[in-house]
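Reviewing the structure listed below.
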Amino acid sequence: MTSEASSFRFHHPSRLRRSVLTVPAINDRALDKVTGLDCDAVIFDLEDSVAEDRKADARHKLLEFLQNADLDHRERIIRINASDTPHFREDMRLVLQCLPDAVLLPKVEEPVTVQDVADLLGEQDAAEGLRIWAMIETPRGVLNAAAIASSGRTSDSRLDAFVVGLNDLRKATGIPAAPGRTYLVPYLMQVILAARAYGLDVIDSVSNDFRDMEAFSDECAQGRAMGFDGKMLIHPAQIEPANRHFGPSDAAIAEARLVADAFSDPAHAGLNVINIDGRMIERLHAEEAARLLAKVALITARKDKP
Ligand code: COA
Ligand code: MG
């Protein structure tokens with residue numbers, strides 16, 4: 001491995017980010033619900049879902065909520081307003097008070113946006129565990145996705161995940177919402193490739209229609225097939241289908257067990273390729289299988305909780 005490659009801080013292999021629910025920080029009723037919902041992560045939103053004149057109120061509610069609620073296994077992410085808005089300083093102050101798992105930056109278009117926030121967190125001695133997530137939701141964000149992702153290589157970067165935002169991207173590009181997302185797919189694939197090149201997780205965009213569960217299910221299946229780790233969700237009804245589509249299927253689990261067992265068989269010691277029922281299996285498949293089984297163990301551990 002080259003020294004550059006070995007300095008990549010690849011994301012935790014067994015982190016679950018199938019369902020990433022966003023909750024407007026201003027909405028008490030929704031906030032009160034999240035501790036009972038089976039999502040992997042919660043984004044507490046201070047940006048677009050909170051009206052301009054209610055930002056301070058939202059920060060106040062969120063502080064009180066996060067100081068009292070037990071989110072258990074759910075990752076806690078705070079989406080703040082961009083650094084060129086009058087809300088940024090106060091939002092960052094709240095982040096430093098709440099110390100969530102990550103801060104989500106909206107409309108990231110340049111590596112420097114991520115670096116500036118990382119510097120701010122570093123200056124305030126925020127623990128390394130406080131990560132940065134970046135929304136890629138503008139044409140420039142998509143075009144610069146590789147440069148933004150590659151800035152995550154530096155040891156002080158904190159960058160951990162991309163989240164795609166299609167409402168903003170559709171608005172900026174003029175591409176209408178349509179089943180299959182045909183003309184958006186090339187952009188989405190570019191963002192996924194950039195994330196993968198530099199070891200970031202990548203989360204698919206929200207779907208606005210939370211009543212048409214069939215269309216939502218199709219979009220989850222498409223997102224999974226494209227390589228996304230999970231989906232950003234706006235409504236509790238979207239959690240179960242997201243967990244199902246982005247989680248390992250029974251068939252995938254059975255295959256992973258088969259591969260893991262085959263490589264741990266002493267008869268195959270020292271082999272890098274083996275034959276399982278007429279298919280070539282390589283050692284890289286064993287690594288993939290181990291990662292998948294680690295996720296299964298996480299899901300099972302949660303289910304077994306009293
Ligand atoms: N998180 C937690 N609970 C939620 C929720 C969410 N994102 N969205 C809805 N709920 C709750 C509602 O509070 C409601 O419970 P209640 O009757 O006790 O209040 C229940 O789920 C059913 O909700 P429903 O009546 O179907 O929808 P709604 O009109 O209350 O809310 C939205 C619809 C779209 C306004 C709401 O889902 C929402 O604000 N989503 C997030 C939007 C967001 O964050 N956007 C920015 C990023 S794109
Ligand atoms: Mg947006």
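Order of listing sets the numbers, starting from 1, for every ligand and every atom in it.
- Counting atoms of ligand 1 from 1 in the listed order, those under 4.0 Å from a heavy atom of Ser49 are 43 (C), 44 (O), 45 (N), 46 (C).
- Protein heavy atoms all stay at least 4.0 Å away from atom 30 (O) of ligand 1.
- In summary, the atoms of ligand 1 found under 4.0 Å from a heavy atom of Val23, numbered by their order in the structure, are 1 (N).
- At least one heavy atom of Leu21 sits closer than 4.0 Å to an atom of ligand 1.
- Of all protein heavy atoms, the one closest to atom 34 (C) of ligand 1 is Phe210 CE2, 3.7 Å.
- A salt bridge is absent between Arg283 and Glu287: the closest approach of a Lys/Arg side-chain nitrogen to an acidic carboxylate oxygen does not fall below 4.0 angstrom.
- In this structure, atom 25 (O) of ligand 1 lies nearest to the protein heavy atom Arg211 NH2, 4.4 Å.
- We find that Arg74 and Asp40 are not joined by a salt bridge, their nearest charged nitrogen and carboxylate oxygen being 4.0 Å or further apart.
- Not a single donor-acceptor pair under 3.5 Å links the side chain of Arg17 to the backbone N or O of Lys231.
- Put simply, atom 46 (C) of ligand 1 has protein non-hydrogen atoms near it, under 4.0 Å away.
- The backbone N or O of Asp101 lies less than 3.5 Å from no partner atom in the side chain of Glu75, so there is not a single donor-acceptor pair.
- Side-chain contact between Asp261 and Asp265: absent, with no pair of heavy atoms (C-beta onward) separated by less than 4.5 Å.
- If you check which protein heavy atom lies closest to atom 22 (C) of ligand 1, you get His235 NE2, 3.8 Å.
- Between Asp32 and Arg29, none of the side-chain N atoms (NZ, or NE/NH1/NH2) sits under 4.0 Å from a carboxylate O, so this pair counts as no salt bridge.
- Residue contacts with ligand 1 for Arg79 involve side-chain atoms from C-beta outward but no N, CA, C or O (heavy atoms, distance under 4.0 Å).
- The shortest distance between side-chain heavy atoms of Asn208 and Phe216 does not fall below 4.5 Å.
- Distances from the Mg ion (ligand 2) to the N/O/S atoms of Glu137 are shortest for OE1.
- Looking only at protein heavy atoms, the nearest one to atom 14 (C) of ligand 1 is Lys33 NZ, 4.1 Å.
- One finds the CD1 atom of Ile77 at 9.5 Å from the OG1 atom of Thr22 (value rounded to the nearest 0.5 Å).
- The shortest contact between atom 39 (O) of ligand 1 and any protein heavy atom is with Pro24 CG, 3.4 Å.
- Ion pair Arg93/Glu90 flagged as a salt bridge, since at least one NZ, NE, NH1 or NH2 atom sits closer than 4.0 Å to an Asp/Glu carboxylate oxygen.
- Taking 4.5 Å as the limit, every side-chain heavy atom of Glu64 sits out of range of all side-chain heavy atoms of Leu31.
- Distances from atom 27 (O) of ligand 1 to the protein include at least one heavy-atom value under 4.0 Å.
- Nearest non-hydrogen protein atom to atom 21 (O) of ligand 1 is Pro236 CG, 3.8 Å.
- In this structure, Ile148 and Ser151 approach most closely via the heavy-atom pair O-OG, 2.6 Å.
- At a 4.0 Å cut-off, at least one heavy atom of Asp45 sits close enough to ligand 1 to count as contact.
- Closest to atom 44 (O) of ligand 1, if we only count protein heavy atoms, is Thr22 OG1, 3.1 Å.
- When distances from the Mg ion (ligand 2) to the N, O or S atoms of Asp168 are compared, OD2 comes out shortest.
- Across the listed options Ile234, Asp168, Asn167, Ile234 owns the non-hydrogen atom lying nearest to atom 37 (O) of ligand 1.
- The closest approach between a heavy atom of Glu47 and any atom of ligand 1 is not below 4.0 Å.
- Shortest contact from atom 17 (O) of ligand 1 to any protein heavy atom: Arg29 NH2, 3.4 Å.
- Taking the six-membered ring for Trp and thresholds of 30 and 60 degrees, His235 and Phe210 have nearly parallel ring planes, at less than 30 degrees apart.
- Considering every non-hydrogen atom in both Ile136 and Val108, the closest pair reads CD1-O, 4.2 Å.
- Protein heavy atoms are found inside the 4.0 Å sphere centred on atom 9 (C) of ligand 1.
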